[in-house]
2 protein chains.
Amino acid sequence: MRTRDRIVAAARALFNEQGFGAVTTAALAAQCGISEGNLWYHFKTKRDLMEAVADQFAETIDARLLLRPDPDGDGIADYARLIGALMEEFRLFRFLYRDQAAYGEHAPVIGQRAPEWIEATFAQIEAHLARLVDEGQLAWPRAGLRDLSINATIILRYGLEHYRELGEPTGTGTGAVRRTMERHLTLFQHALEPAAARRLRTALAEIAEIPIAA
Amino acid sequence: MRTRDRIVAAARALFNEQGFGAVTTAALAAQCGISEGNLWYHFKTKRDLMEAVADQFAETIDARLLLRPDPDGDGIADYARLIGALMEEFRLFRFLYRDQAAYGEHAPVIGQRAPEWIEATFAQIEAHLARLVDEGQLAWPRAGLRDLSINATIILRYGLEHYRELGEPTGTGTGAVRRTMERHLTLFQHALEPAAARRLRTALAEIAEIPIAA
DNA sequence: AAAAGTTTAGGGTGCGCACCCTAGACGGGC
DNA sequence: GCCCGTCTAGGGTGCGCACCCTAAACTTTT
């Protein structure tokens, strides 16, 4: 891996743990096992580094937003795939999801595009849920799918913070990701066809075991 | 109002807007219309000031946690009262609710008590919802009330951030508070007796108009 | 082998910020 | 009038941090 990429990855991880402001360039250089001078060779300012992370964030979101329910596929599997991708994103860029509006100042791409991303995410989830309704796996009024999508997004997104504040560990392997996904299921599991509910639960449990690209 | 109290109130408001770290003591003094020296007369360190705000936070939560559904009262009114108190708290101490775990380092009371507060909040909401079930106003399985309470807490709590990120104004008078409360209603309004749903909606709308102690 | 790119080590700067210090002014209570 | 508490003004310090600089060493590419 190129040094520059290693720096961006380490920065993202440290920002997730401590927040952007609390991570010193000295600590970051040490984490990468490089000299601070080398950090400055690759990035002119700390803000440039933030923008590199933000660009990755944008790319990740753009790629995820391409996910669509397959018309000839399996709605449950497609939905699980989407939720898995979302959770991965929330974890990879946790500091940005913790207080995204505040980072808009540091990285213009975020400030400009956050609203559109959020709306597109709701629409994406809604499309997947609508597929479940079409397949007879979910009994939910069409008019209520948007609200369900929004609520699901909020629950998934803030789930890890929720467990963190309860004093529970939230890192990989702790079960927090699985619990977060299960929590979001409580929004609509009563309206799922029982076998579909079981399949979805199983699919999400498998996804929860996949470690993220640290 | 005593200067010390004015300082604490101004600090809380500025921390809500900018976060603790981004508020300089110089800016705070200016906001209070006092000299910086006077700020240091009242508080030895910035952290002492943080702790004063945190103490208020703790008191507010402890007082709110005393709210109980009145056995001889009206479940809907009691529930609205609780939700109103919660929303007020989320707004008064918005910065602490934005990233509460991170503030545990600055103010020990938060770090030590956050888990217990959160659990108590769930139980409180659950008790109020159970009352609605008992009164026949809400059709919800008793076993599902805890999940509903948790989800409601998360939605209410992060609702303002949600609108903020959509680029919508969230201050007093913008309708964001009302929309947040309505959003949480989408979790269970389909299970509310129709007249009860209308009454609750009306009660929450009235609460949303009450400005918070700036 | 030479050129280009990357990295190190070690010194440094400038700035922002929390906080200190001091003498004196002012206001309220006795 | 005295005492005490509160506040001001204006000067300051020390520290943490992002970032700079430079020569040399090392690695990769041509």
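Within every chain, numbering begins at 1; the chains are lettered A, B, ... in the order of the sequence lines, protein sequences first and strands thereafter. Below, each value reflects all heavy atoms present in this structure, side chains not excepted, and no hydrogens, waters or symmetry copies.
One distance of note links CG of B:L82 with CG of B:L86; it measures 5.0 Å at 0.5 Å rounding. A distance of 6.0 Å separates CG in A:N38 from OG1 in A:T3, rounded to the nearest 0.5 Å.
A ring pair (Phe, Tyr, Trp, His ring centres under 6.0 Å) check over residues 36-61 of chain A, counting only residues at least two apart or in different chains, returns the pairs A:F57-A:F93, A:F57-A:Y97, A:F57-A:W117.
B:K46 has its NZ atom 4 Å from the P atom of C:dA18, to the nearest Å. Atom CH2 of A:W40 is separated from atom P of D:dA18 by 7 Å (rounded to the nearest Å).
A sub-4.0 Å separation between OP1 or OP2 of D:dC20 and a side-chain N or O of A:K44 is present.
Using a 4.5 Å cut-off on side-chain heavy atoms (C-beta onward), A:F188 and A:L185 make contact.
The two atoms that bring A:G75 and A:L132 nearest to each other are C-CD2, 3.3 Å, heavy atoms only.
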If you restrict it to nitrogen or oxygen atoms, what contacts under 3.5 Å exist between nucleotides 6-11 of chain C and the protein, and what is each distance?
| unit_1 | atom_1 | unit_2 | atom_2 | d |
| --- | --- | --- | --- | --- |
| C:dT6 | OP2 | A:Y41 | OH | 2.5 |
| C:dT7 | OP1 | A:T3 | OG1 | 2.3 |
| C:dT7 | OP2 | A:N38 | OD1 | 3.2 |
| C:dT7 | OP2 | A:H42 | NE2 | 2.3 |
| C:dT7 | O5' | A:N38 | ND2 | 2.9 |
| C:dT8 | OP2 | A:S35 | N | 2.9 |
| C:dT8 | OP2 | A:S35 | OG | 3.0 |
| C:dT8 | OP2 | A:N38 | ND2 | 3.2 |

